[in-house]
Amino acid sequence: MRTLVIAETVAGAVAKASMHCIAAAQNLATPIDVLILTDAAVDATGLQNLQGVEKIFTGVQANFAHAIAEELVPTITSHAKNYTHVIFPATSFGKNLAGRLGAVLDVQPITDVIKIMSGDTFMRPIYAGNAMATVQSADAIKVLSIRPTNFPMPQSGGAGAAVMEVIVTAATERKPKFVRAELSSSARPDLGAARIVISGGRGLGSAENFKLIERIADQLGAAIGASRAAVDAGFVPNDYQVGQTGKIVAPELYIAVGISGAIQHVAGMKDSKIIVAINKDAEAPIFNIADFGLVGDLFALLPELSAAIAGVKSA
Amino acid sequence: MPILVPIKRVIDYNVRIRVKPDGSGVETQNVKMSINPFDEIAVEEAVRLREKNHTDAVVAVTIGPAVAQDVLRNALALGADRAIHVVHDGETQPLGVAKTLAALVAREPSYNLIIMGKQAIDDDFNQTGQMLAQLLRWPMATFASKLEWQDDGIHVTREIDGGLQTLALNLPAVVTTDLRLNTPRFASLPNIMKAKSKPLQTMTPAELGVDLTPRLKTLRVEEPAKRSAGIKVDSVKTLVEKLQQAGVL
Ligand SMILES: Cc1cc2nc3c(=O)[nH]c(=O)nc-3n(C[C@H](O)[C@H](O)[C@H](O)COP(=O)(O)OP(=O)(O)OC[C@H]3O[C@@H](n4cnc5c(N)ncnc54)[C@H](O)[C@@H]3O)c2cc1C
Ligand SMILES: Nc1ncnc2c1ncn2[C@@H]1O[C@H](COP(=O)(O)O)[C@@H](O)[C@H]1O
């Protein structure tokens with residue numbers, strides 16, 4: 001048994017989601033290799049002393065830019081064949097690759113794994129997290145994507161992994177051409193990794209009103225999230241969406257403002273440690289899962305909250 | 001050249017699902033079933049492309065039990081021209097579905113675009129489109145929020161974790177839909193009536209030479225851990241105190 005972690009990189013570094021993948025691999029108690037395919041060198045020294053990590057393969061190629069699946073999969077495939085488990089993060093990067101790899105290897109990927117029960121048995125949410133399925137795979141290679149929020153950071157204490165260059169397999173598939181990217185740039189922490197998240201919904205009413213949320217986010221060093229309704233209405237960009245079909249978050253504190261609490265939204269945040277809801281409708285379903293609910297008009301309550309936080313921070 | 005739109009019949013997104021007490025699965029008896037919302041978006045997109053004469057036919061296909069015919073009629077009422085029902089009882093998983101769809105394309109190679117949902121809201125796999133693209137060796141653009149027809153193919157804007165990415169694809173290609181691609185129309189009564197006489201072809205997995213046996217065995221389905229309901233606080237001041245006590249502020 002041997003596990004290959006396919007690492008995602010962000011801005012020249014291994015993404016935090018991939019660190020959680022290594023933690024998941026440590027659960028399997030197999031030797032772990034990591035594969036990093038990028039268009040510019042990545043500093044992998046932080047991985048070398050992680051428990052169980054033996055080899056770190058890096059491949060740097062111009063066509064690995066933008067993580068286009070058709071470019072990456074041939075190289076991933078030629079490596080994956082030597083492993084019993086291949087782990088991706090359940091991110092837009094990992095979702096694209098896991099499916100293609102599964103089809104090449106003729107295995108059914110197991111996506112969104114939240115718990116590893118054994119080498120062949122895994123727990124994953126279905127129906128927007130309203131049920132948990134334990135599934136067993138008889139495929140020779142287990143292709144998994146794991147939910148980063150359900151795994152800790154990896155243990156250190158490794159023997160010092162070797163870093164080596166991969167042999168790249170050229171892509172023979174027909175492939176898309178990159179046209180452009182419009183990436184959100186923000187000084188705020190990443191939504192998936194933030195300690196505090198404050199999210200706004202349709203109740204905010206406009207993009208302009210999101211300033212009320214931004215101010216508190218800046219005070220708390222929080223990331224900003226949103227409901228689908230707020231994204232659809234154009235208040236905030238698409239990558240703010242939290243939920244079944246958006247991002248999954250599990251911060252220490254999640255503050256939902258003007259969000260009703262539809263199951264699709266709740267699917268993305270109900271594992272948060274503490275949930276606060278601010279909503280003018282005392283019957284809103286969000287209050288059923290909130291640790292602390294505040295009923296009232298957000299336009300009055302948010303400025304008050306901001307002032308109170310300023311008081312706490314200066315005390 | 002026709003567009004193929006695979007659709008799945010799932011429990012309606014408004015239904016609060018119930019886990020069966022014996023842990024064998026989720027109750028689907030006497031529950032409202034609908035077309036998977038992402039697949040409805042896929043049908044709408046394909047129909048718009050036909051309305052702009054970029055294609056001559058929209059073909060909806062489902063792999064499912066006899067009752068799944070209703071979602072095909074629904075797709076026909078939304079504007080699909082004909083439908084294919086691959087009759088199969090029991091669970092489907094992405095690999096089997098992708099193989100079935102690839103077999104359909106092998107039979108009718110004129111398809112030059114497949115538009116499908118990014119995710120079925122029952123199993124939440126988010127895999128079938130990617131697997132199909134690989135089996136066909138076609139380029140793919142997943143999580144599409146915009147599709148533009150160009151002389152030499154399509155430009156697709158994708159919703160990715162960091163924002164948006166636009167890719168150019170030559171046809172044939174696979175596209176999977178995200179929520180913001182379009183807002184599906186409502187089927188009008190005349191169109192619902194018309195749908196009843198549109199062609200619907202049935203076939204079996206055996207005829208297509210595919211095996212739909214699930215690769216993953218479901219050992220158990222259970223309720224998620226419940227969050228205990230919290231309290232309502234009467235003021236911002238109390239809220240901040242509580243959060244301080246909890247150590248998060
Ligand atoms: C296939 C599918 C996938 C989906 N995926 C997601 C997803 O990933 N994430 C997601 O979020 N949704 C998702 N949805 C949508 C989801 O079903 C809900 O429609 C959405 O979450 C509602 O957003 P909302 O709570 O902001 O809006 P609403 O439900 O309209 O709620 C607005 C809330 O704001 C409150 N409010 C209004 N004004 C004020 C005020 N002045 N002060 C205080 N409170 C106020 C109201 O009382 C209300 O509770 C999905 C839907 C489908 C069909
Ligand atoms: N049984 C099925 N019949 C037809 N299409 C399906 C079926 N299952 C999945 N699909 C298609 O594949 C997409 C993704 O499903 P999944 O990979 O299961 O999340 C769906 O949105 C459908 O377009």
Side-chain angles (χ1 to χ4, degrees), chain A residues 66 70 91-92 95-96 98-100 102-104 107-112 121 125-137 139 173-184 228 232 237-239 245 252-253 270 274 276 288-295 301 304-305 308-309 312, chain B residues 13 17 19 26 93-95 98 119 121-127 130-131 133-135 137-143 145 155 159-170 179-180 215-224 227 229-233 236-237 239-240 242-244 246 248-249:
Chain A
H66 317 298
E70 289 83 345
T91 57
S92 55
K95 285 170 189 164
N96 258 8
R100 281 205 166 242
V104 186
V107 313
Q108 174 58 60
I110 307 164
T111 52
D112 274 314
T121 306
I126 54 176
Y127 292 93
N130 290 300
M132 299 292 154
T134 302
V135 296
Q136 187 176 39
S137 163
D139 289 327
E173 314 292 336
R174 295 179 48 237
K175 51 204 175 198
K177 263 205 305 285
F178 175 78
V179 178
R180 68 177 170 272
E182 296 144 69
L183 302 181
S184 307
R228 174 194 173 182
D232 283 4
N238 64 282
D239 51 309
T245 59
E252 283 185 36
L253 174 60
K270 69 172 176 201
I274 292 188
V276 170
N288 299 336
I289 57 150
D291 298 280
F292 304 113
L294 193 52
V295 179
L301 292 172
E304 235 187 277
L305 180 60
I309 291 167
V312 169
Chain B
Y13 78 95
I17 60 112
V19 173
V26 164
Q93 289 180 351
L95 182 60
Q119 178 171 344
I121 61 162
D122 51 0
D123 62 31
D124 282 333
F125 266 116
N126 196 324
Q127 288 294 288
Q130 293 88 321
M131 302 190 87
Q134 186 64 44
L135 293 176
R137 302 185 170 268
W138 289 5
M140 69 179 185
T142 50
F143 326 143
S145 64
H155 277 200
E159 296 200 354
I160 59 171
D161 288 339
L164 297 171
Q165 180 190 63
T166 304
L167 299 176
L169 293 88
N170 292 319
L179 294 168
R180 280 165 283 276
R215 286 293 188 86
L216 300 179
K217 194 166 132 201
T218 301
L219 303 181
R220 190 170 58 251
V221 174
E222 60 202 284
E223 300 257 4
R227 271 192 93 92
I231 55 163
K232 292 238 171 72
V233 291
V236 165
K237 184 164 165 284
L239 174 64
V240 169
K242 294 280 183 199
L243 294 179
Q244 280 185 293
V248 288
L249 267 198

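All of these numbers come straight from a predicted model, not from anything done at the bench. Residue numbers start from 1 in every chain, and the chains themselves are labelled A, B, ... in the order their sequence lines are given, proteins ahead of strands.
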Note, B/Lys237 side chain near A/Glu304 side chain (heavy atom, < 4.5 Å): no

For chain B, the option from A/Glu252, A/His66, A/Arg228 that forms the most heavy-atom pairs under 4.5 Å: A/Arg228

Residue A/Asp112 versus chain B: region with a heavy atom under 4.5 Å: side chain

B/Leu243 CG to A/Leu305 CG distance, which is reported to the nearest 0.5 Å: 8.0 Å

Pairwise distance NZ(A/Lys177) to OG1(B/Thr166) - rounded to 0.5 angstrom: 14.0 Å

Contact leader toward chain A among B/Asp161, B/Val221, B/Asp124, where contacts are heavy-atom pairs under 4.5 Å: B/Asp161

Residue B/Val240 versus chain A: region with a heavy atom under 4.5 Å: side chain

Residues in side-chain hydrogen bond (donor to acceptor under 3.5 Å, both in side chains) contact with A/Ser184, at least two apart in sequence or another chain: A/Asp239

Among A/Thr121, A/Ile309, A/Asp139, A/Val295, residue most engaged with chain B (heavy-atom pairs, under 4.5 Å): A/Asp139

From CG (A/Leu253) to CG (B/Leu249), nearest 0.5 Å: 6.5 Å

Side chains of A/Asn130 and B/Val19 in contact at under 4.5 Å (non-hydrogen atoms): no

Structural part of B/Ile121 lying under 4.5 Å from a heavy atom of chain A: both

Contact class of B/Arg220 relative to chain A, heavy atoms under 4.5 angstrom: both

Structural part of A/Lys175 lying under 4.5 Å from a heavy atom of chain B: backbone

Heavy-atom proximity to chain B below 4.5 Å, by part of A/Glu70: side chain

Heavy-atom proximity to chain B below 4.5 Å, by part of A/Glu173: side chain

Top contributor to chain A interface from B/Gly230, B/Ala246, B/Pro224 [non-hydrogen pairs under 4.5 Å]: B/Pro224

Contacting moiety of A/Ala290, where chain B heavy atoms sit under 4.5 Å: backbone

Euclidean distance, A/Ile110 CD1 relative to B/Leu216 CG, rounded to 0.5 Å: 5.0 Å

Criterion side-chain contact (heavy atoms from CB on, under 4.5 Å) on B/Arg227 and A/Asn288, from CA distance to verdict: CA-CA 8 Å; B/Arg227 271 192 93 92; A/Asn288 299 336; over 6 Å; no

Derivation and outcome, side-chain contact (heavy atoms from CB on, under 4.5 Å), residues A/Arg100 and B/Met140: CA-CA 10 Å; A/Arg100 281 205 166 242; B/Met140 69 179 185; 3.5 Å; yes

Part of B/Ala98 within contact of chain A (heavy atom distance under 4.5 Å): neither

Under the side-chain hydrogen bond (donor to acceptor under 3.5 Å, both in side chains) test, residues paired with B/Glu223 that sit two or more places apart: none

Interface residue of largest heavy-atom contact number with chain A, from B/Gln119, B/Lys242, B/Lys232, under 4.5 Å: B/Lys232

Interchain contact, B/Glu222 with chain A, by part (heavy-atom threshold 4.5 Å): both

Contacting moiety of A/Pro237, where chain B heavy atoms sit under 4.5 Å: neither

Contact origin within B/Phe125 toward chain A - heavy atom pairs under 4.5 Å: both

Chain A contact via B/Leu219 - which portion, at a heavy-atom distance below 4.5 Å: both

Euclidean distance, A/Ile126 CD1 relative to B/Ile17 CD1, rounded to 0.5 Å: 7.0 Å

Heavy-atom pair count under 4.5 Å with chain B, highest-scoring of A/Val104, A/Thr111, A/Ile289: A/Thr111

Distance in Å, B/Ile160 CD1 paired with A/Asn96 CG, rounded so as to fall on 0.5 Å steps: 9.5 Å

Any side-chain heavy-atom pair of A/Lys95 and B/Thr142 under 4.5 Å: no

